[in-house]
Each structure stands twice: as C-alpha cells, then as structure tokens.
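This report concerns only the one structure given below.
All chains are named by letter (A, B, ...) in the order of the sequence lines, taking the proteins before the strands, and each is independently numbered beginning at 1. The figures that follow rest on heavy atoms only: side chains count, while hydrogens, waters and symmetry mates do not. Computed from a prediction, not measured in an experiment: that's the story for all the values here.
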2 protein chains.
Amino acid sequence: MSKSLKEMDVLRQHLAKHQLKLTRQRELILTAFLRQEHVTAETMYHQLAKKDPHLGLATIYRTLNLFCEAGIAQARHFGTQTQYDNISHKGHHDHLICTGCGTIVEFENCEIERLQEEVATKNGFVIQTHRLELYGLCARCRH
Amino acid sequence: MSKSLKEMDVLRQHLAKHQLKLTRQRELILTAFLRQEHVTAETMYHQLAKKDPHLGLATIYRTLNLFCEAGIAQARHFGTQTQYDNISHKGHHDHLICTGCGTIVEFENCEIERLQEEVATKNGFVIQTHRLELYGLCARCRH
DNA sequence: TATCATCTTGAGACGGCTTATCAATTTCAA
DNA sequence: TTGAAATTGATAAGCCGTCTCAAGATGATA
C-alpha cells in the first residue's frame, strides 16, 4: 500500500505540523506524482481524470504547491508553464535541455554540487536547494 | 554618445543581418538596459515613461526579446515574471538567492562552468546558455 | 533628396497559466 | 457522533506576455 512510502510520511508530518488534513485527493495526487520525474499540473489533471473525473485542476495546483512546501516537490518555471519535479524520490538532479526539440536529459555531478557549497559558504549562505539548467542543442538537432 | 558602445554595434550587426531597422525606441531601450544588471519589462516601462510617455509595453517586450536573439540579454523566468539579464556587459553570472529576504548575490565560477561543459559534451550537447541558482539563507536571515 | 517597400510602433484585445472565491463537503479531535 | 476547521470543485478573476493592425518610421535606391 502506498501509505508505507517514505514520502507519504513526510507529507503526513508536514500536514500535522501545519494543522492540515490528509485527504483522499492528496493521497491520490501524491502516489501519481511519485511515479514520475517531472510533471505539469495539466498533465496530472489528464492522467488522474481516469481515476477521479471530478478532481479539479485547482486542487492539483494547490496540492503540488503543498508538496513544494513539504519538500517533496520543486517547482520550475519552464517556458510558460510550471514543472513540478520529484526531488524526494530520486534525490536532486539537474537538467540538460535541448532548445531545438525540448528533450530533457537529467544528470548529477557531485563535483559541481561541492563547488556550489563552496561558493555559498564563501558568501555566508547555507544552501537549501538549487537549480541548474544547461540549455543547448542535442546531437540530433545540430544537423 | 551611446552609439559608440560595444553592445550598440552588436545590435547593429544583428539588425543588418536580419533586415531589421534601428529605431529610436531600440536605441533608447538598449542604453537604459545596459545600465542595469537585470530588469523586467514592467520595470523598464516605468523607468522609460519619463523619457518617452508613449513608449508601449509591447515594444519593450519585443525589444528585450530582440536583445536575447542578438546575444545581448538573457531571459530568465523568475517567480511569475521574466527577468532580462545583461550578459553582454559584465559577462555571464549566476545567482545566490536568499529565501529569507530575497537578496540576490551574483557570482562566477570558472570551475563550475568547465564541469558543465564536460557534462554537456558527455551527453552530446553543445551548450548555448545556462542558469544556475542557489537558494538558501544568508548570514543575517539565519538568526 | 525623394520615393516607397518594408519594418516597427502603440494601443488594446486576446490567450494561457495560475490563483482566488465561496458554497458544499470532508476530515479528525474530542 | 459531533462540530469546528480545513478542503474541494467549479468557475471567475488576475497576471503576464504575445498578437493584431492601422498609422508611422526607416533606409535602400534612384
């Protein structure tokens, strides 16, 4: 059952801490969300329409924003839309984005992360999160 | 006179190459743009209202996007708005953003840039631009 | 310098994405 | 089980950025 997932506990804690309630919709959206790397609210709306035709788009937006506050998701403004990334499940990752075809390649680089910490410390900051996006042309689009 | 600025020449070349024209508005917006690190279209609209009350917001958007195509500016989706960064004058820089007070500290780190290239190459990409934002708490906000 | 095809502008309409509103419903502590 | 408080769904509203188009500006050419 999904109730045993680590993220579900994180959500539960966040809800308890802020006097919020665990609803059927929040459970539904969380389990669907955790199955993917990144989604838009619109995407989830269509995906979940099959399971619950009455689930409103506003609820999805509200819930995804809630996940961000709980540290389960991270919002990313891409083009005109907002993408919600699943940071809790696979850990943080960065993006390599093709400006030609829109392909997104994910990557992680410990060395870069280490240098980021260094820069932050040098400036008196303590990093909570970060975002690194490299834009360019993939091999196919270069021809 | 502003006509001798390096960026003005870059713009001129871009315009010539694409059969576009150098207008009073484009000159006006460019010189104002170069005086700042990053602006939104709205900000420039108000700034320039004093110099030319009839300058339209659409023209500012169009012109800032033109600057992006010419390689003078870079668009960055920040929160709900689009920020246009002046990359031509000071070179590219990344951001360290305090989630407490909103302070933005700019930095550059060649080593990080080099590693980015490495990651891109490994994935068959050629980087055109990138965005790196570190979010955290500054020294003051931590207390 | 005068001409004129072409590009640009300004003003507002328009459209996409996200949030606000609010009555009805659900949750959960007591 | 009860009831105060939170949540939901539907839709209106808001915001940001782009599109439209008639009027005006630009600049290559003669």
Rounded to whole Å, the CD1-C1' distance (A/I29 to D/dT8) equals 10 Å
Check whether any side-chain N or O of A/Y61 sits under 4.0 Å from OP1 or OP2 of C/dT18, and answer yes or no.
yes
Whole-Å distance, A/L11 CG to D/dT7 C1', equals 14 Å
The nucleotide from C/dG10, D/dA6, D/dC16 with an atom nearest the side chain of A/L20 is D/dA6
Between A/F67 and A/I29 the two heavy atoms that sit nearest each other are CE1-CG2, 3.9 Å
Whole-Å distance, B/Y45 OH to D/dC16 P, equals 14 Å
B/L48 atom CG is separated from C/dT9 atom P, nearest whole Å, by 13 Å
Report yes or no: do B/Q74 and B/T129 form a side-chain donor-acceptor pair below 3.5 Å? yes
Exercise. Identify whether any heavy atom of B/L57 sits under 4.0 Å from a base atom; if not, whether one sits that close to sugar-phosphate; answer base, sugar-phosphate or nothing.
Key: nothing
Of D/dA10, D/dT8, C/dT9, the nucleotide closest to the side chain of B/R62 is C/dT9
On DNA chain C, more 5' by nearest nucleotide between A/E42 and A/A58 is A/E42
A/T80 has its side chain closest, among D/dC16, D/dG9, C/dC17, to C/dC17
d(A/I60 CD1, A/N65 CG) to nearest 0.5 Å is 12.0 Å
Notebook entry, point to check: Is any side-chain N or O of A/Q19 closer than 4.0 Å to OP1 or OP2 of C/dT27?
Noted result: no
* Asked: Is any side-chain N or O of A/T23 closer than 4.0 Å to OP1 or OP2 of D/dT8?
  -> yes
When rounded to whole Å, the CG to C1' distance for the pair B/L28 and D/dA25 reads 15 Å
It should be established whether A/N65 places a side-chain nitrogen or oxygen under 4.0 Å from OP1 or OP2 of nucleotide C/dT18. no
When rounded to whole Å, the CG to C1' distance for the pair B/L22 and D/dG24 reads 16 Å
Contacts of A/T40 and B/R26 projected onto DNA chain C by closest heavy atom; the upstream (5') one is B/R26
The nucleotide from D/dT7, D/dT8, D/dC16 with an atom nearest the side chain of A/K21 is D/dT7
CG of B/L137 to CZ of B/R142, rounded to nearest 0.5 Å, is 7.0 Å
On a heavy-atom basis, the closest approach of A/F107 and A/L132 is CZ-CD2, 4.1 Å
Rounded to whole Å, NE2 of B/H18 lies from P of C/dT8 at a distance of 12 Å
Can you tell me if the side-chain N/O atoms of B/H54 get under 4.0 Å from OP1 or OP2 in C/dA11?
yes
In whole angstroms, the gap separating C1' of D/dC16 from CE of B/M44 amounts to 18 Å
